[in-house]
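Excluded from the calculations below are hydrogen atoms, water molecules and symmetry mates; all remaining heavy atoms, backbone and side chain alike, are included.
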Amino acid sequence: MRGTTRIGTALLGVVALALTAACSGGGDDESGNEKVTLSYAVWDQNQKPAMESLAAEFTKTHPNIAIDVQLTPWEGYWTKLKAAATGGAAPDVFWMNGPNFQLYASNGVISPNPEQVDTSVYPKALADLYTFEGKSYGLPKDMDTVGVWYNKTLFDAAKVAYPKDDWTWADFQAAAAKLTDPAKGVFGTAAPLSSFQEYQYDTIAQAGGYVISPDGKTSGYADPKTIAGLKFWTDLIAGKQSPDLKTMTDTTPIQLFEAGKVAMYWGGSWNVSEFSGNDYTKGKIDVAPLPRGEKQATIIHGVSNQVGGKSEHSKQAWEFVKFLGSQPAAEILGKTGPIPAYNGTQTAWVAAHPELKLQTFLDEVAYAVPYPVSKNTAAWNEAELTHLTKAWSGEQPVDAAATALAADMNALLAKE
(Lines give C-alpha, C1' and ligand atoms only; values in the text may rest on other atoms or scores of the structure.)
Protein backbone atom coordinates (compact mmCIF):
# COMPACT_ATOMS: atom_id res chain seq x y z
CA MET A 1 0.00 0.00 0.00
CA ARG A 2 1.20 3.47 -0.71
CA GLY A 3 2.61 5.16 2.32
CA THR A 4 4.34 2.14 3.78
CA THR A 5 7.75 3.02 2.53
CA ARG A 6 10.19 5.86 2.79
CA ILE A 7 8.36 9.16 3.27
CA GLY A 8 7.81 9.01 7.02
CA THR A 9 11.30 7.94 7.94
CA ALA A 10 12.91 11.38 7.79
CA LEU A 11 10.86 12.53 10.74
CA LEU A 12 12.49 9.99 13.03
CA GLY A 13 16.18 10.20 12.29
CA VAL A 14 17.13 12.23 15.36
CA VAL A 15 14.86 10.85 18.04
CA ALA A 16 16.58 7.62 19.00
CA LEU A 17 18.18 8.86 22.22
CA ALA A 18 15.05 10.69 23.32
CA LEU A 19 12.97 7.60 22.81
CA THR A 20 15.33 5.33 24.72
CA ALA A 21 14.67 7.02 28.04
CA ALA A 22 11.01 7.69 27.51
CA CYS A 23 9.79 4.42 26.11
CA SER A 24 11.35 1.47 27.87
CA GLY A 25 9.22 -0.86 29.94
CA GLY A 26 5.58 -1.80 29.48
CA GLY A 27 2.35 -2.75 31.13
CA ASP A 28 1.77 -6.04 32.90
CA ASP A 29 -1.86 -7.01 32.91
CA GLU A 30 -2.54 -10.11 35.01
CA SER A 31 -6.32 -10.03 35.08
CA GLY A 32 -7.99 -11.44 32.00
CA ASN A 33 -11.38 -10.17 33.21
CA GLU A 34 -10.55 -6.48 33.36
CA LYS A 35 -12.68 -4.37 31.02
CA VAL A 36 -10.34 -2.27 28.91
CA THR A 37 -10.38 -0.16 25.79
CA LEU A 38 -7.34 -0.49 23.56
CA SER A 39 -6.25 2.35 21.33
CA TYR A 40 -5.40 1.19 17.80
CA ALA A 41 -3.62 3.72 15.57
CA VAL A 42 -3.85 3.47 11.76
CA TRP A 43 -3.08 5.88 8.90
CA ASP A 44 -5.30 4.88 5.97
CA GLN A 45 -8.80 6.33 5.73
CA ASN A 46 -9.73 3.74 3.09
CA GLN A 47 -8.92 0.91 5.50
CA LYS A 48 -10.50 2.35 8.61
CA PRO A 49 -13.90 0.65 8.02
CA ALA A 50 -12.18 -2.72 7.61
CA MET A 51 -10.17 -2.15 10.78
CA GLU A 52 -13.36 -1.28 12.65
CA SER A 53 -14.96 -4.48 11.36
CA LEU A 54 -11.98 -6.49 12.57
CA ALA A 55 -12.12 -4.74 15.93
CA ALA A 56 -15.81 -5.59 16.30
CA GLU A 57 -15.14 -9.21 15.33
CA PHE A 58 -12.42 -9.45 17.98
CA THR A 59 -14.67 -8.00 20.69
CA LYS A 60 -17.29 -10.69 19.96
CA THR A 61 -14.93 -13.29 21.38
CA HIS A 62 -13.25 -10.92 23.86
CA PRO A 63 -16.22 -9.00 25.33
CA ASN A 64 -14.08 -7.32 27.99
CA ILE A 65 -11.83 -5.69 25.38
CA ALA A 66 -13.10 -2.78 23.31
CA ILE A 67 -11.03 -1.33 20.45
CA ASP A 68 -10.85 2.37 19.65
CA VAL A 69 -9.60 2.68 16.05
CA GLN A 70 -7.79 6.01 15.80
CA LEU A 71 -7.08 7.41 12.35
CA THR A 72 -4.24 9.85 11.75
CA PRO A 73 -3.57 10.47 8.04
CA TRP A 74 -0.15 9.44 6.77
CA GLU A 75 1.07 13.04 6.55
CA GLY A 76 0.85 13.44 10.32
CA TYR A 77 1.01 9.84 11.54
CA TRP A 78 4.71 9.59 12.36
CA THR A 79 4.94 13.05 13.89
CA LYS A 80 2.04 12.26 16.21
CA LEU A 81 3.38 8.81 17.05
CA LYS A 82 6.85 10.18 17.81
CA ALA A 83 5.39 12.78 20.15
CA ALA A 84 3.20 10.22 21.91
CA ALA A 85 6.07 7.75 22.28
CA THR A 86 8.44 10.39 23.61
CA GLY A 87 5.83 11.26 26.22
CA GLY A 88 5.28 7.62 27.13
CA ALA A 89 1.76 7.58 25.73
CA ALA A 90 2.00 5.62 22.49
CA PRO A 91 -1.14 3.71 21.44
CA ASP A 92 -1.66 0.19 22.75
CA VAL A 93 -1.49 -1.20 19.21
CA PHE A 94 -0.38 0.60 16.07
CA TRP A 95 0.71 0.14 12.48
CA MET A 96 4.42 -0.05 11.77
CA ASN A 97 6.38 0.00 8.51
CA GLY A 98 9.77 -1.45 7.64
CA PRO A 99 11.87 1.72 7.41
CA ASN A 100 10.92 2.79 10.93
CA PHE A 101 10.80 -0.63 12.56
CA GLN A 102 14.36 -1.05 13.85
CA LEU A 103 14.44 2.43 15.33
CA TYR A 104 11.28 1.77 17.31
CA ALA A 105 12.33 -1.75 18.31
CA SER A 106 15.80 -0.70 19.47
CA ASN A 107 14.33 1.98 21.71
CA GLY A 108 11.57 -0.05 23.33
CA VAL A 109 8.71 1.82 21.71
CA ILE A 110 7.34 -1.53 20.60
CA SER A 111 7.46 -4.82 22.46
CA PRO A 112 8.92 -8.11 21.25
CA ASN A 113 6.36 -10.87 21.05
CA PRO A 114 5.83 -12.52 24.47
CA GLU A 115 5.42 -15.95 22.94
CA GLN A 116 6.54 -17.84 19.88
CA VAL A 117 4.22 -17.61 16.91
CA ASP A 118 4.43 -19.59 13.70
CA THR A 119 5.61 -16.94 11.24
CA SER A 120 5.91 -19.48 8.41
CA VAL A 121 2.30 -18.59 7.55
CA TYR A 122 3.61 -15.26 6.19
CA PRO A 123 6.11 -14.66 3.38
CA LYS A 124 9.57 -15.20 4.86
CA ALA A 125 10.94 -11.90 3.54
CA LEU A 126 8.13 -10.08 5.31
CA ALA A 127 8.53 -11.93 8.60
CA ASP A 128 12.27 -11.25 8.49
CA LEU A 129 11.63 -7.55 8.00
CA TYR A 130 10.04 -7.36 11.46
CA THR A 131 12.74 -9.32 13.27
CA PHE A 132 15.33 -7.44 15.31
CA GLU A 133 18.27 -8.96 17.18
CA GLY A 134 16.73 -12.38 16.80
CA LYS A 135 13.33 -11.42 18.20
CA SER A 136 10.03 -11.15 16.35
CA TYR A 137 7.95 -8.02 16.84
CA GLY A 138 4.24 -7.90 16.09
CA LEU A 139 2.64 -9.79 13.20
CA PRO A 140 2.36 -8.86 9.52
CA LYS A 141 -0.99 -7.44 8.48
CA ASP A 142 -0.66 -7.04 4.75
CA MET A 143 1.91 -7.19 1.99
CA ASP A 144 2.66 -5.49 -1.28
CA THR A 145 4.85 -6.14 -4.28
CA VAL A 146 5.49 -4.02 -7.37
CA GLY A 147 4.37 -4.53 -10.97
CA VAL A 148 4.18 -2.60 -14.21
CA TRP A 149 0.76 -1.06 -14.72
CA TYR A 150 0.25 -0.41 -18.42
CA ASN A 151 -2.24 1.49 -20.54
CA LYS A 152 -3.72 -0.95 -23.06
CA THR A 153 -5.23 1.89 -25.09
CA LEU A 154 -1.81 3.48 -25.63
CA PHE A 155 -0.26 0.09 -26.41
CA ASP A 156 -2.95 -0.58 -29.01
CA ALA A 157 -2.54 2.85 -30.59
CA ALA A 158 1.23 2.35 -30.92
CA LYS A 159 0.76 -1.27 -32.09
CA VAL A 160 2.93 -2.55 -29.25
CA ALA A 161 2.31 -6.05 -27.89
CA TYR A 162 1.24 -6.24 -24.25
CA PRO A 163 3.99 -7.28 -21.81
CA LYS A 164 4.59 -11.00 -21.36
CA ASP A 165 5.25 -12.56 -17.99
CA ASP A 166 8.84 -13.39 -18.95
CA TRP A 167 9.79 -10.02 -20.42
CA THR A 168 13.23 -8.51 -19.86
CA TRP A 169 14.81 -5.10 -19.35
CA ALA A 170 15.49 -5.00 -23.09
CA ASP A 171 11.83 -5.73 -23.82
CA PHE A 172 10.74 -2.96 -21.45
CA GLN A 173 13.18 -0.46 -22.94
CA ALA A 174 12.08 -1.30 -26.48
CA ALA A 175 8.42 -0.89 -25.54
CA ALA A 176 9.12 2.43 -23.81
CA ALA A 177 10.80 3.76 -26.96
CA LYS A 178 7.92 2.70 -29.22
CA LEU A 179 5.28 4.09 -26.87
CA THR A 180 6.93 7.51 -26.58
CA ASP A 181 5.19 10.06 -28.79
CA PRO A 182 6.56 13.61 -28.36
CA ALA A 183 3.88 15.07 -30.64
CA LYS A 184 1.17 13.87 -28.25
CA GLY A 185 3.19 14.48 -25.09
CA VAL A 186 3.18 10.75 -24.27
CA PHE A 187 6.12 9.06 -22.58
CA GLY A 188 6.77 5.35 -22.53
CA THR A 189 7.31 5.35 -18.76
CA ALA A 190 8.29 7.53 -15.82
CA ALA A 191 11.57 7.36 -13.89
CA PRO A 192 11.10 9.37 -10.69
CA LEU A 193 13.42 9.46 -7.72
CA SER A 194 10.94 9.76 -4.88
CA SER A 195 9.52 6.23 -4.52
CA PHE A 196 12.44 3.86 -4.18
CA GLN A 197 10.33 0.80 -3.41
CA GLU A 198 8.67 1.06 -6.80
CA TYR A 199 11.73 1.98 -8.81
CA GLN A 200 15.39 2.02 -7.80
CA TYR A 201 15.36 -0.72 -5.18
CA ASP A 202 13.71 -3.11 -7.63
CA THR A 203 16.18 -2.56 -10.47
CA ILE A 204 19.14 -2.64 -8.08
CA ALA A 205 18.05 -6.12 -6.98
CA GLN A 206 17.31 -7.15 -10.58
CA ALA A 207 20.82 -6.09 -11.60
CA GLY A 208 22.30 -8.25 -8.83
CA GLY A 209 23.26 -5.29 -6.68
CA TYR A 210 22.28 -4.36 -3.15
CA VAL A 211 21.37 -1.27 -1.14
CA ILE A 212 22.68 -2.42 2.23
CA SER A 213 24.63 -5.52 3.27
CA PRO A 214 22.77 -8.31 5.11
CA ASP A 215 24.46 -7.36 8.38
CA GLY A 216 23.27 -3.75 7.99
CA LYS A 217 26.77 -2.31 8.19
CA THR A 218 27.81 -1.53 4.62
CA SER A 219 26.32 0.40 1.71
CA GLY A 220 26.04 -1.30 -1.65
CA TYR A 221 25.82 1.87 -3.71
CA ALA A 222 29.43 1.72 -4.95
CA ASP A 223 28.90 -1.79 -6.35
CA PRO A 224 28.92 -1.75 -10.19
CA LYS A 225 25.75 -3.84 -10.30
CA THR A 226 23.95 -1.41 -8.02
CA ILE A 227 25.03 1.43 -10.29
CA ALA A 228 23.66 -0.52 -13.27
CA GLY A 229 20.32 -0.68 -11.48
CA LEU A 230 20.34 3.10 -11.10
CA LYS A 231 21.35 3.72 -14.71
CA PHE A 232 18.31 1.78 -15.87
CA TRP A 233 16.30 4.86 -14.85
CA THR A 234 18.63 7.71 -15.76
CA ASP A 235 19.06 6.21 -19.24
CA LEU A 236 15.29 6.41 -19.72
CA ILE A 237 15.35 10.09 -18.82
CA ALA A 238 18.35 10.75 -21.08
CA GLY A 239 16.58 8.93 -23.92
CA LYS A 240 13.44 11.00 -23.33
CA GLN A 241 11.31 7.89 -22.79
CA SER A 242 10.59 9.40 -19.36
CA PRO A 243 9.81 12.99 -18.36
CA ASP A 244 12.69 14.85 -16.75
CA LEU A 245 13.01 15.25 -12.99
CA LYS A 246 11.48 18.73 -12.92
CA THR A 247 8.41 17.60 -14.83
CA MET A 248 7.92 14.64 -12.49
CA THR A 249 8.32 16.97 -9.51
CA ASP A 250 5.69 19.38 -10.82
CA THR A 251 3.30 16.59 -11.86
CA THR A 252 3.71 13.21 -10.21
CA PRO A 253 4.06 10.11 -12.39
CA ILE A 254 0.78 8.68 -11.13
CA GLN A 255 -0.98 11.86 -12.24
CA LEU A 256 0.67 11.58 -15.64
CA PHE A 257 -0.39 7.94 -15.90
CA GLU A 258 -3.96 8.79 -14.98
CA ALA A 259 -3.96 11.49 -17.66
CA GLY A 260 -2.78 9.15 -20.40
CA LYS A 261 0.64 10.81 -20.64
CA VAL A 262 2.66 7.84 -19.35
CA ALA A 263 2.10 4.40 -20.87
CA MET A 264 3.81 2.23 -18.24
CA TYR A 265 3.82 2.97 -14.53
CA TRP A 266 5.82 1.00 -11.97
CA GLY A 267 3.44 0.78 -9.05
CA GLY A 268 2.34 -1.42 -6.21
CA SER A 269 -0.50 -3.77 -5.50
CA TRP A 270 -1.90 -0.93 -3.38
CA ASN A 271 -2.78 0.95 -6.59
CA VAL A 272 -5.68 -1.39 -7.39
CA SER A 273 -8.39 0.67 -5.72
CA GLU A 274 -6.99 3.91 -7.14
CA PHE A 275 -6.81 2.74 -10.74
CA SER A 276 -10.04 0.73 -10.71
CA GLY A 277 -11.90 3.79 -9.46
CA ASN A 278 -10.24 6.44 -11.60
CA ASP A 279 -12.43 7.64 -14.48
CA TYR A 280 -9.58 7.53 -16.98
CA THR A 281 -7.72 4.35 -16.06
CA LYS A 282 -10.76 2.20 -15.28
CA GLY A 283 -11.07 -0.33 -18.09
CA LYS A 284 -7.94 0.88 -19.88
CA ILE A 285 -5.18 -0.78 -17.88
CA ASP A 286 -3.74 -4.05 -16.72
CA VAL A 287 -0.62 -5.15 -14.83
CA ALA A 288 2.44 -7.21 -15.69
CA PRO A 289 5.32 -8.48 -13.54
CA LEU A 290 8.46 -6.40 -13.37
CA PRO A 291 10.87 -7.11 -16.24
CA ARG A 292 13.84 -9.36 -15.56
CA GLY A 293 17.36 -7.97 -15.39
CA GLU A 294 20.19 -10.28 -14.41
CA LYS A 295 17.50 -11.93 -12.31
CA GLN A 296 13.86 -11.52 -11.31
CA ALA A 297 13.18 -9.38 -8.25
CA THR A 298 10.63 -7.14 -6.65
CA ILE A 299 10.70 -5.41 -3.29
CA ILE A 300 8.21 -6.81 -0.79
CA HIS A 301 6.88 -4.70 2.01
CA GLY A 302 3.90 -4.69 4.29
CA VAL A 303 2.45 -3.18 7.43
CA SER A 304 2.82 -4.92 10.79
CA ASN A 305 0.60 -4.56 13.85
CA GLN A 306 2.70 -3.84 16.93
CA VAL A 307 2.13 -3.70 20.69
CA GLY A 308 3.23 -0.43 22.27
CA GLY A 309 6.19 -0.84 24.60
CA LYS A 310 4.49 1.09 27.41
CA SER A 311 0.96 -0.19 26.95
CA GLU A 312 -0.80 -0.59 30.29
CA HIS A 313 -2.80 -3.41 28.73
CA SER A 314 -0.03 -5.36 27.04
CA LYS A 315 -1.67 -8.74 27.57
CA GLN A 316 -4.91 -7.69 25.90
CA ALA A 317 -3.01 -5.80 23.20
CA TRP A 318 -1.07 -8.94 22.32
CA GLU A 319 -4.31 -10.93 22.10
CA PHE A 320 -5.63 -8.35 19.64
CA VAL A 321 -2.42 -8.44 17.57
CA LYS A 322 -2.60 -12.24 17.42
CA PHE A 323 -6.17 -11.99 16.15
CA LEU A 324 -5.20 -9.39 13.55
CA GLY A 325 -2.47 -11.75 12.33
CA SER A 326 -4.78 -14.76 12.13
CA GLN A 327 -6.29 -16.49 9.13
CA PRO A 328 -9.90 -15.37 9.90
CA ALA A 329 -8.80 -11.73 10.15
CA ALA A 330 -6.81 -12.02 6.93
CA GLU A 331 -9.84 -13.41 5.12
CA ILE A 332 -11.91 -10.43 6.23
CA LEU A 333 -9.18 -8.02 5.17
CA GLY A 334 -8.80 -9.71 1.80
CA LYS A 335 -12.34 -8.83 0.79
CA THR A 336 -11.52 -5.12 0.75
CA GLY A 337 -7.73 -5.07 0.31
CA PRO A 338 -4.81 -4.60 0.61
CA ILE A 339 -3.32 -8.07 0.12
CA PRO A 340 -3.49 -9.95 3.43
CA ALA A 341 -0.11 -11.27 4.54
CA TYR A 342 -1.38 -14.66 5.76
CA ASN A 343 -0.51 -17.27 3.13
CA GLY A 344 -3.48 -18.75 1.31
CA THR A 345 -5.97 -15.99 2.15
CA GLN A 346 -5.45 -13.79 -0.92
CA THR A 347 -8.08 -15.39 -3.16
CA ALA A 348 -10.77 -12.84 -2.34
CA TRP A 349 -8.38 -9.99 -3.10
CA VAL A 350 -7.59 -11.38 -6.54
CA ALA A 351 -11.23 -12.25 -7.27
CA ALA A 352 -12.43 -8.74 -6.43
CA HIS A 353 -11.09 -7.46 -9.78
CA PRO A 354 -11.29 -10.23 -12.38
CA GLU A 355 -10.61 -7.67 -15.10
CA LEU A 356 -7.02 -7.28 -13.81
CA LYS A 357 -4.24 -9.86 -13.62
CA LEU A 358 -3.78 -9.36 -9.87
CA GLN A 359 -2.32 -12.83 -9.47
CA THR A 360 0.81 -11.15 -10.82
CA PHE A 361 1.51 -9.56 -7.45
CA LEU A 362 1.17 -12.88 -5.62
CA ASP A 363 3.35 -14.78 -8.07
CA GLU A 364 6.11 -12.23 -7.49
CA VAL A 365 6.36 -13.17 -3.80
CA ALA A 366 8.42 -16.22 -4.79
CA TYR A 367 11.36 -14.00 -5.77
CA ALA A 368 10.65 -10.97 -3.60
CA VAL A 369 13.45 -9.11 -1.80
CA PRO A 370 12.91 -7.47 1.61
CA TYR A 371 12.75 -3.69 1.80
CA PRO A 372 16.27 -2.49 2.75
CA VAL A 373 16.44 -1.05 6.26
CA SER A 374 18.80 -0.46 9.17
CA LYS A 375 18.48 0.88 12.70
CA ASN A 376 18.33 4.46 11.42
CA THR A 377 17.05 4.10 7.86
CA ALA A 378 15.95 7.73 7.81
CA ALA A 379 19.48 9.10 7.88
CA TRP A 380 20.67 7.38 4.73
CA ASN A 381 17.30 7.80 3.01
CA GLU A 382 18.05 11.52 3.13
CA ALA A 383 21.54 10.88 1.78
CA GLU A 384 20.04 8.88 -1.10
CA LEU A 385 17.94 11.82 -2.18
CA THR A 386 20.75 14.33 -1.73
CA HIS A 387 23.24 12.46 -3.91
CA LEU A 388 21.01 10.76 -6.45
CA THR A 389 19.15 13.97 -7.26
CA LYS A 390 22.40 15.12 -8.86
CA ALA A 391 22.39 12.05 -11.10
CA TRP A 392 18.70 12.30 -11.98
CA SER A 393 19.05 15.97 -12.91
CA GLY A 394 22.13 15.31 -15.03
CA GLU A 395 24.35 17.40 -12.80
CA GLN A 396 26.63 14.46 -12.03
CA PRO A 397 27.34 11.03 -13.59
CA VAL A 398 25.49 8.19 -11.93
CA ASP A 399 28.63 6.35 -10.83
CA ALA A 400 30.07 9.48 -9.19
CA ALA A 401 26.83 10.24 -7.33
CA ALA A 402 26.47 6.61 -6.21
CA THR A 403 30.07 6.39 -5.01
CA ALA A 404 29.69 9.59 -2.99
CA LEU A 405 26.43 8.26 -1.57
CA ALA A 406 28.11 5.01 -0.54
CA ALA A 407 30.77 6.92 1.39
CA ASP A 408 28.20 9.03 3.24
CA MET A 409 25.97 6.04 3.89
CA ASN A 410 28.87 4.01 5.32
CA ALA A 411 29.68 6.86 7.68
CA LEU A 412 26.06 7.02 8.83
CA LEU A 413 25.85 3.26 9.29
CA ALA A 414 29.03 3.33 11.38
CA LYS A 415 27.24 5.66 13.83
CA GLU A 416 24.47 3.13 14.41
Side-chain angles (χ1 to χ4, degrees), residues 3-24 43 74-86 90 95-110 128-133 137 192-202 204-205 209-223 226-227 229-230 299 301 304 306 309 369-392 396 398 400-416:
T4 62
T5 55
R6 62 186 291 109
I7 305 173
T9 61
L11 297 171
L12 297 168
V14 297
V15 302
L17 293 177
L19 292 175
T20 301
C23 299
S24 60
W43 63 62
W74 174 259
E75 292 75 15
Y77 181 87
W78 297 104
T79 302
K80 182 177 179 179
L81 184 58
K82 181 188 73 172
T86 302
W95 284 2
M96 176 54 57
N97 70 355
N100 289 313
F101 163 67
Q102 290 192 23
L103 179 63
Y104 276 82
S106 63
N107 288 287
V109 184
I110 53 179
D128 289 348
L129 184 63
Y130 292 104
T131 301
F132 180 68
E133 295 183 343
Y137 285 72
L193 185 59
S194 58
S195 301
F196 279 42
Q197 180 186 358
E198 297 138 274
Y199 300 96
Q200 293 79 14
Y201 290 167
D202 295 295
I204 287 170
Y210 65 102
V211 175
I212 188 170
S213 60
D215 63 6
K217 295 181 178 180
T218 308
S219 171
Y221 273 107
D223 186 286
T226 300
I227 293 170
L230 297 174
I299 297 297
H301 187 259
S304 174
Q306 298 287 338
V369 177
Y371 193 101
V373 298
S374 72
K375 191 179 292 186
N376 192 6
T377 313
W380 51 268
N381 280 170
E382 289 301 303
E384 285 174 323
L385 289 173
T386 297
H387 289 283
L388 295 182
T389 295
K390 297 176 183 178
W392 256 246
Q396 196 173 40
V398 176
T403 301
L405 167 57
D408 276 4
M409 184 172 168
N410 282 330
L412 291 165
L413 291 171
K415 295 178 180 178
E416 294 186 2

Self-check item: Trace of the side chain to side chain contact (heavy atoms under 4.5 Å, CB included) decision for Asn381 with Phe196
Solution: CA-CA 10 Å; Asn381 280 170; Phe196 279 42; over 6 Å; no

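With rounding to the nearest 0.5 Å, the separation of CG in Leu129 from CD in Gln102 is 8.5 Å. Note: Gln200 CD to Leu388 CG = 7.0 Å, rounded to the nearest 0.5 Å. Here Phe132 contributes atom CZ and Ile110 contributes atom CD1; the two are 9.5 Å apart, rounded to the nearest 0.5 Å. Rounding to the nearest 0.5 Å gives a distance of 11.5 Å between OG1 of Thr377 and CG of Leu412.
Between Pro372 and Ile299 the shortest heavy-atom distance is CD-CD1, 4.4 Å. Residues Asn97 and Asn100 share a closest heavy-atom pair of OD1-ND2, 3.0 Å. Ala222 and Ile227 get closest at one heavy-atom pair: O-CD1, 3.9 Å. Across all non-hydrogen atoms, the minimal contact from Thr218 to Tyr210 is O-CE1, 4.2 Å. Here the closest heavy-atom approach between residue Asp215 and residue Ser213 is recorded as OD1-OG, 2.5 Å. Pairing each heavy atom of Val211 with each of Met409, the nearest pair is O-CE, 3.3 Å.
Judged by distance alone, the side chain of Glu384 and the main-chain N or O of Leu193 form no donor-acceptor pair under 3.5 Å. Not a single donor-acceptor pair under 3.5 Å links the side chain of Ser304 to the backbone N or O of Met96. Put simply, the side chain of His301 gets close to the backbone of Gly98: a donor and an acceptor are under 3.5 Å apart. No donor-acceptor distance shorter than 3.5 angstrom exists from the side chain of Thr389 to the backbone of Thr386, with no hydrogens or angles considered. Looking only at distances, a side-chain donor or acceptor of Ser219 sits under 3.5 Å from a matching main-chain atom of Tyr221.
With sequence neighbours excluded, the residues forming a side chain to side chain donor-acceptor pair (under 3.5 Å) with Glu416 are Ser374, listed by chain and number.
With 3.5 Å as the limit, one finds no donor-acceptor pair spanning the side chains of Gln306 and Tyr130. His387 and Asp408 form a side-chain donor-acceptor contact under 3.5 Å, judged by distance and modelled atom types alone.
A heavy-atom distance below 4.5 Å is not found between the side chains of Tyr199 and Asp202. Using a 4.5 Å heavy-atom cutoff, the side chains of Val373 and Tyr371 are in contact.
Taking the six-membered ring where tryptophan is involved, the planes of Trp74 and Tyr77 are essentially parallel, since the angle between them stays under 30° and well short of 60°.
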